[in-house]
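None of these values were measured; they are calculated from a predicted model. Residues take their numbers from the sequence shown, with the count starting at 1.
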Amino acid sequence: MSNLISGAEILMRSLIDQGAKNIFGYPGGTIMPVYDKLYDYSDRLTHYLARHEQGAIHAAEGFARVTGETGVVFATSGPGAMNLLTGLNDALIDSTPLVAVTGQVATPFLGKDAFQESDIVSVTLPVTKWTIQVRKPEDIAPAIAKAFYIANSGRPGPVVVDLTKDAQTALAEYKPEKCEYIRSYQPNPDIKDSVILEAAELINNSKRPLILAGHGIAIAKAEDLLLDLAEKAQIPVGCTMLGLSSIPSSHPLYKGMLGMHGNIGPNINTNKADVIIALGMRFDDRVTGDVKKYAPDAKIIHVDIDASEFDKCVKSDIHVHGCVNQALKKLIPFINEANHQEWLDSFKQHEEVERTRVMDREINASTPDGKMLMGEVITKVSKAFGDDAILITDVGQNQMFAVKYFGFKSPRSIVTSGGLGTMGFGLPASIGAKIGEPDRNVVLFVGDGGFQMTIEELGMIMEYNLGVKIVLLNNNFLGNVRQWQHLFFNGRFSATPMLNPDFRMIADAYGLPAEDVSSRDELDGAIKRMAEHTGAYIINVNIEPTDMVFPMTPPGSGVDEIMLSENEYYKPEN
């Protein structure tokens, strides 16, 4: 009996051997042999049909971010593969493990401008960790094994495996492959003991230490170690946006989010700290502001698995090259118990100012015509789910308000597009997150602009009966751009007002329960009905269009140059 099987079947067996169970995708001409064989493996591989390839890859990102597993995407050649580019770039910047399998024209047609041919290898190389084109069926299993290893080792990221159509249909023997080593690729570098001792000495001698917790904490599953370090030496913790939920938001050592729309305390005290311990974060411009004014008094310890991040944006004094989980395990035994009460108390003034002059105004403000503010809506939704749902956001004001006003109790509770800032990310990402964590509440906050970029993915929620809760913060504007136009472009609202459709009717067309929340007195009831409903639910909330996100560090400013409102800068007492 022949042991030869098609390349398409080799792909199915390879995916199963790598632990894949869920696939997000959209079929087409050059990947039809794969989909035909997928039909025979539907008991072991569950396929979720997106309505657009961008929706498929963002759903795979959401799945990967909440589970830590590698997301898998299928797309056909040409336009199908090209529609993955935004998601690939998003995943690369935000360190999300993905394997995208794309169809390609048959080998004899390569380079001849055949129907739906595009050079996906050349196009995707800048936005992936690795890309390979496979032209022979016997090369599929090794390529898939290598792809999964690269995608979810070291600093995770996306990988593309481009399969020619003849590779899918030709026959070969299947030999299970496992990849655990690639020459010249060292995803888990050995951490030098001497560097750990240097870092410990710096921390032990500090008077004003500050931990900056990034996305690397969640990737490395180092949340407990982060708490161990912070509590042992009583060190305050600030989080990057993607680092949120690494520490419970109610923890006394958690001092808030860093950056342009972060909390006042950690931003002000970044520039007063004498030692900064940066864990799995990359000092991007939204965190640092003007780097020339950033942390002038601090010695910086930078822990990261990606050596290319060292000194790229901010010069650090000690580089700890390695997994943050392993680094903390080595570091904590050398850290002395400490009490930095005076330093911790210095945050209180800033917290009180932010609470009374920004947050109370946002949560309790009286607005004309019953229009609501985003902060009050997000606060009430978070409380309705016990501050323990998975937060998904799109990009814009909805994102900045959500990450500030939503509460976190559990790790891996935020999925948002950080580095790339991809509008349209939220809806499909919420779908992937719900598939990855079906027993947790998944709540999406999305603006009317981003919602309409991938609104077709309501079809996935309908088809697979996914209980995503959607809060549409509808202000009939591209809100974040409007804010910048108001503050920095003399109020010239060029191409930001939006004439929107009837979103409730659109939801009804998909068979999804929805309601319009036109005024404040309708809000509590709508949130209660959404929280108690077992399936998907959409509330379309009438948001005051002049609502703006504060505090804010204007572009080009230092992190301690903070606007409390459009007319007021923060002036600390000391």
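Side-chain N or O atoms of Asp394 include one that pairs as donor or acceptor with a backbone N or O of Gly424 at under 3.5 Å. The closest donor-acceptor contact from the side chain of Thr102 to the backbone of Thr76 lies at 3.5 Å or more, if one exists at all. The backbone N or O of Pro554 sits less than 3.5 Å from a side-chain atom of Ser557, completing a donor-acceptor pair. Looking only at distances, no side-chain donor or acceptor of Ser413 sits under 3.5 Å from a matching main-chain atom of Ile390. No donor-acceptor pair closer than 3.5 Å links the side chain of Tyr48 to the backbone N or O of Ala56. A donor-acceptor contact shorter than 3.5 Å is absent between the side chain of Arg51 and the backbone of Thr454. The closest donor-acceptor contact from the side chain of Thr379 to the backbone of Gly375 lies under 3.5 Å. No donor-acceptor pair under 3.5 Å is formed between the side chain of Gln483 and the backbone N or O of Gly479. A donor-acceptor pair is defined here as one N or O able to donate and one able to accept, closer than 3.5 Å; such a pair exists between the side chain of Thr30 and the backbone of Ser77. No donor-acceptor pair closer than 3.5 Å links the side chain of Asp388 to the backbone N or O of Phe385.
With a 4.5 Å cut-off on side-chain heavy atoms, Leu212 and Leu258 count as touching. For the pair Leu98/Ile57, a side-chain contact is recorded, criterion being any heavy-atom separation below 4.5 Å from C-beta on. Side-chain contact between Glu457 and Ile431 is present, with at least one heavy-atom pair separated by less than 4.5 Å. The side-chain heavy atoms of Asn500 and Gln452, taken from C-beta on, include a pair separated by under 4.5 Å. With contacts defined as side-chain heavy-atom distances shorter than 4.5 Å, the pair Met552/Trp484 qualifies.
Remark: Arg282 does not engage Asp304 in a salt bridge, criterion side-chain N to carboxylate O under 4.0 Å. Under the 4.0 Å criterion applied to side-chain N and carboxylate O atoms, Arg355 and Glu362 are not assigned as salt-bridge partners. Taking the charged nitrogens against the carboxylate oxygens, Asp560 and Lys272 have no contact shorter than 4.0 Å, which rules out a salt bridge. Between Glu561 and Lys293 a salt bridge is recorded (basic side-chain N to carboxylate O distance below 4.0 Å). Note on Lys409 versus Asp387: no salt bridge recorded, every NZ/NE/NH1/NH2 to OD/OE distance being 4.0 Å or above. Under 4.0 Å is where a charged nitrogen must lie from a carboxylate oxygen, and between Arg529 and Glu515 at least one such pair does. Between Lys348 and Glu352, none of the side-chain N atoms (NZ, or NE/NH1/NH2) sits under 4.0 Å from a carboxylate O, so this pair counts as no salt bridge.
The one candidate from Lys383, Lys371, Arg520 that meets the salt bridge (Lys or Arg N to Asp or Glu O under 4.0 Å) condition with Glu376 is Arg520.
Of all non-hydrogen atoms in Asn540 and Asp516, the two that sit nearest each other are ND2-OD1, 3.0 Å. Across all their heavy atoms, Asp94 and Gly418 have their closest contact at OD2-N, 2.7 Å. When all heavy atoms of Gln485 and Ser494 are compared, the pair lying nearest together is NE2-O, 3.0 Å.
The neighbour count for Phe488 CZ, taken as heavy atoms of other residues, nucleotides or ligands under 6.0 Å away, is above 12. When the shell of 6.0 Å around OH of Tyr26 is examined, it contains 12 or fewer heavy atoms from other residues, nucleotides or ligands.
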Legend entry - side chain to side chain contact (heavy atoms under 4.5 Å, CB included) between Leu88 and Val160, intermediate numbers included: CA-CA 9 Å; Leu88 292 170; Val160 169; 3.8 Å; yes

Inset, instruction - Could you walk me through whether Lys404 and Glu354 pass salt bridge (Lys or Arg N to Asp or Glu O under 4.0 Å), step by step? - result: CA-CA 12 Å; Lys404 289 284 293 296; Glu354 184 166 1; 3.5 Å; yes

Legend entry - Residue pair Phe401, His261: steps toward the ring-ring contact (aromatic ring centres under 6.0 Å, His included) verdict: CA-CA 9 Å; Phe401 273 114; His261 286 296; 8.4 Å; no

Inset, instruction - May I have the step-by-step check of side chain to side chain contact (heavy atoms under 4.5 Å, CB included) for Met460 and Leu49, ending in yes or no? - result: CA-CA 7 Å; Met460 289 183 75; Leu49 177 65; over 6 Å; no

Legend entry - Derivation and outcome, side chain to side chain contact (heavy atoms under 4.5 Å, CB included), residues Glu223 and Ile247: CA-CA 7 Å; Glu223 293 89 353; Ile247 180 172; over 6 Å; no

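No close placement of the Phe24 and His58 rings is indicated, their centers lying 6.0 Å or farther apart.
Cation-pi check for Lys255 over Phe347 is met; the charged atom lies under 6.0 angstrom from the ring centroid and within 45 degrees of its normal.
Between Phe445 and Phe406, the two ring planes are perpendicular [angle over 60°; tilted spans 30° to 60°].
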